[in-house]
Participant: 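Sending over a structure as structure tokens; questions will come in a sec.
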Amino acid sequence: MGMTMTQKILAAHAGLKEVKAGQLIQADLDLVLGNDITTPVAIKEFNKIGMKDVFDKKKVAIVPDHFTPNKDIKTAEQCKMIREFSYEKEIENYFEVGEMGIEHGLIPEKGLVVPGDVVIGADSHTCTYGALGAFSTGIGSTDMAAGMATGKCWFKVPSAIKFVLKGKPSKWVSGKDVILHIIGMIGVDGALYKSMEFVGEGIKNLSMDDRFAMANMAIEAGGKNGIFLVDDKTLDYAKKHSTKSYAVFTADDDAEYDEVYEIDLSILKPTVAFPHLPDNTRSIDDVGEVKIDQVVIGSCTNGRIEDLRVAAGILKDKKVAKGIRVIVFPVTQKVYLQALQEGLIEIFIKAGVVVSTPTCGPCLGGHMGILAKGERAIATTNRNFVGRMGHPESEVYLASPAVAAASALTGKITNPEDVVNEEVR
């Protein structure tokens, strides 16, 4: 029996000719990632091991992004710990405030991941890098410590689900809508510990930003990882951002899949996930009257330049609805600067939007936009669990930047078609 894309990557990094679903292997790592919440725990465990140095100063990345800029004394102490560790161990890829970004936007931008890599990160959305044809997955802080020390990690080889994408999305349908549709279809445990493998001619109609958003939310379906077939867009991105060598792995014709789904992108509509699970989805036509208090555009899922362009295109020469709070979080400093140069930041500010430095901020209920009791937010983030963005009795609705921006203008969840004139379209 043949192997899937993920299985081939893992076999190569384990030094094996083949692997099978369920097999336990030890694989070499190309990158070990941590942030300001998970790395302090990893550092304590690393010190217990008694190691003096990390396995490779170029293959460890530490990004303070969750509570950064620091929101209080405790988070300042956490960031101080990871800063001092990074300097002491001479970790090349430590990114301080001013040069940083939200980790899952920053790592690809810096060229630290390329096709064929194996990446672990002490953050569940490390699966984002599957957009580049890499195997990347979230792990715990103790595994991060072991990875930093040895450059290796144990894995149980996952089985896979194949998603065959065909057709071209309509104007207001993005990668965020596609992945919300898929999660709504298979459920939050529909891909539990499985590889979600995206193939098909429809991939060519998805930008890299679309793919990053989709791979990012594989974990919301329970997936071990999400991974896209490498094509010319992938290679162009890799060559533009990185000097690392890469390897392209394609699934064998006789690879075994637990399920195969065909998704016609042309018939999908903007999709919204209602509280309190990402699989509680509805088409924009079935949303009904849902008033909101806050709009969040950004995060590791949807804070990239295309996302900001879409939002700015809808908000241009308009004002957000009275009483609605709107916050935009560019995913990295580079994206922030590009948005500034393109005039997007001016559009946001004139519309009555707050633009923040890159930070995870409210996505995890951290800071910069916490919800009070009874408040509702529509967000381009990836989770809407109870209390995720603040008070346990608040509500979060997940959507694309287009739907979020349109909703900012009306104060209720809105189809972009209803607020955009022909000139913008």
Participant: Could you tell me if the side chain of M185 sits less than 4.5 Å from the side chain of I263, heavy atoms only?
Facilitator: yes

Participant: Just by modelled atom types, is the K269 backbone N or O under 3.5 Å from a matching donor or acceptor in the T271 side chain?
Facilitator: yes

Participant: Where the side chain of R211 meets the backbone of L206, is there a donor-acceptor pair that is under 3.5 Å apart?
Facilitator: yes

Participant: I'd like to check R388 versus C363 (side-chain heavy atoms, cut-off strictly below 4.5 Å). Are they in contact?
Facilitator: yes

Participant: Are the side chain of T332 and the backbone of V335 linked by a donor-acceptor contact shorter than 3.5 Å?
Facilitator: yes

Participant: Indicate the atoms forming the closest heavy-atom contact of I370 with P362, along with that distance.
Facilitator: CD1-CA, 4.4 Å

Participant: Are P358 and D65 close enough that some pair of their side-chain heavy atoms sits under 4.5 Å apart?
Facilitator: no

Participant: Passes side chain to side chain contact (heavy atoms under 4.5 Å, CB included), M196 versus M217? Steps please.
Facilitator: CA-CA 10 Å; M196 298 175 68; M217 291 189 67; over 6 Å; no

Participant: Is N205 reaching over with its side chain to a backbone N or O of P169, donor-acceptor style, under 3.5 angstrom?
Facilitator: no

Participant: Ion pair present between K57 and E92, side-chain N to carboxylate O less than 4.0 angstrom?
Facilitator: no

Participant: Is it true that K334 and E109 have a side-chain N and a carboxylate O under 4.0 angstrom from each other?
Facilitator: no

Participant: Would D307 and T380 satisfy side-chain hydrogen bond (donor to acceptor under 3.5 Å, both in side chains), going step by step from the backbone distance to the final call?
Facilitator: CA-CA 9 Å; D307 302 314; T380 67; over 6 Å; no

Participant: Say you draw a straight line from CE of M208 to CZ of R304; how long is it, rounded to the nearest 0.5 Å?
Facilitator: 9.0 Å

Participant: Do V396 and L371 pass the side chain to side chain contact (heavy atoms under 4.5 Å, CB included) test, and can you show the C-alpha distance, the side-chain angles, and the key distance before you say yes or no?
Facilitator: CA-CA 9 Å; V396 177; L371 298 176; 4.0 Å; yes

Participant: I'd like to check L29 versus K59 (side-chain heavy atoms, cut-off strictly below 4.5 Å). Are they in contact?
Facilitator: no

Participant: Counting only heavy atoms from other residues, nucleotides and ligands, does the tally under 6.0 Å from CG of D232 exceed 12?
Facilitator: no

Participant: Between R309 and L344, is the side chain to side chain contact (heavy atoms under 4.5 Å, CB included) condition met? List the steps.
Facilitator: CA-CA 7 Å; R309 286 172 182 158; L344 309 184; 3.8 Å; yes

Participant: Is a donor on one side and an acceptor on the other found under 3.5 Å between the side chain of E346 and the backbone of G343?
Facilitator: no

Participant: Given the rule in the side-chain hydrogen bond (donor to acceptor under 3.5 Å, both in side chains) test, do R383 and S124 qualify, once you have shown the distances and angles that lead to the verdict?
Facilitator: CA-CA 11 Å; R383 288 182 178 155; S124 58; 2.9 Å; yes

Participant: Salt bridge (charged side-chain N to carboxylate O under 4.0 Å, His left out) with D252: which residues, sequence neighbours excluded?
Facilitator: K8

Participant: Where the side chain of E197 meets the backbone of M5, is there a donor-acceptor pair that is under 3.5 Å apart?
Facilitator: yes

Participant: How about NZ on K204, more than 12 heavy atoms from neighbouring residues, nucleotides or ligands closer than 6.0 Å, or not?
Facilitator: yes

Participant: How far apart are the closest heavy atoms of V328 and L308, and which atoms are they?
Facilitator: CG1-CD2, 3.8 Å

Participant: So, do V164 and V260 sit near enough that their side-chain heavy atoms are less than 4.5 Å apart?
Facilitator: yes

Participant: Start with the C-alpha gap between I227 and I9, add the side-chain angles, then the distance that decides, and say whether side chain to side chain contact (heavy atoms under 4.5 Å, CB included) holds.
Facilitator: CA-CA 11 Å; I227 188 168; I9 294 172; 3.7 Å; yes

Participant: Between Y261 and E259, is a side-chain hydrogen bond (donor to acceptor under 3.5 Å, both in side chains) present by the stated rule, with each step listed?
Facilitator: CA-CA 7 Å; Y261 295 97; E259 295 93 19; 4.7 Å; no

Participant: Do any N or O atoms from the side chain of E45 and from the backbone of A42 form a donor-acceptor pair under 3.5 angstrom?
Facilitator: no

Participant: Sequence neighbours left out, cut at 3.5 Å: what donor-acceptor pairs do the side chains of residues 129-141 make with other protein atoms?
Facilitator:
from, atom 1, to, atom 2, distance (Å)
Y129, OH, H104, ND1, 2.7
S136, OG, T126, O, 2.8
S136, OG, Y129, N, 3.4
S136, OG, G130, N, 3.4
T137, OG1, K224, O, 2.6
S141, OG, T38, O, 2.8

Participant: Is the number of heavy atoms from other residues, nucleotides or ligands within 6.0 Å of NZ (K412) greater than 12?
Facilitator: no

Participant: Under a 3.5 Å distance rule, please check whether D30 uses its side chain to pair with a backbone N or O of V119 as donor and acceptor.
Facilitator: no

Participant: Walk me through it: do S174 and D210 pass the test side-chain hydrogen bond (donor to acceptor under 3.5 Å, both in side chains)?
Facilitator: CA-CA 6 Å; S174 67; D210 285 325; 4.7 Å; no

Participant: Taking only Lys NZ, Arg NE, NH1 and NH2, and the carboxylate oxygens of Asp or Glu, determine whether K244 and D117 approach each other closer than 4.0 Å.
Facilitator: yes

Participant: For the residue pair T68 and C79, establish whether any side-chain heavy-atom pair is separated by less than 4.5 Å.
Facilitator: yes

Participant: Where do N216 and C300 come nearest, in terms of heavy atoms and distance?
Facilitator: ND2-SG, 3.2 Å

Participant: I'd like to know whether CD of Q26 has more than 12 heavy-atom contacts from other residues, nucleotides or ligands below 6.0 angstrom.
Facilitator: yes

Participant: For W172 versus A402, what's the shortest heavy-atom pair and its separation?
Facilitator: CE3-CB, 3.7 Å

Participant: Is there a donor-acceptor pair closer than 3.5 Å between any side-chain N or O of N93 and the backbone N or O of K58?
Facilitator: yes

Participant: Are F274 and N384 side-chain neighbours, meaning at least one heavy-atom pair lies under 4.5 Å?
Facilitator: no

Participant: Taking the side chain as every heavy atom from C-beta outward, state whether Y397 and V403 have any pair of such atoms under 4.5 Å apart.
Facilitator: no

Participant: CD1 of I183 to CG of L398: how many Å apart, nearest 0.5 Å?
Facilitator: 8.5 Å

Participant: Measure the CG-NZ distance between N302 and K176 for me, rounded to the nearest 0.5 Å.
Facilitator: 4.0 Å

Participant: Considering all heavy atoms of both residues, which atom of I324 and which atom of I292 are nearest to each other, and what is their separation?
Facilitator: CD1-O, 3.1 Å

Participant: I'd like to check the ring pair (Phe, Tyr, Trp, His ring centres under 6.0 Å) partners of F198; sequence neighbours left out, ordered by chain and number.
Facilitator: F163, F228

Participant: Would you say D36's side chain and H66's backbone share a donor-acceptor pair under 3.5 angstrom?
Facilitator: yes

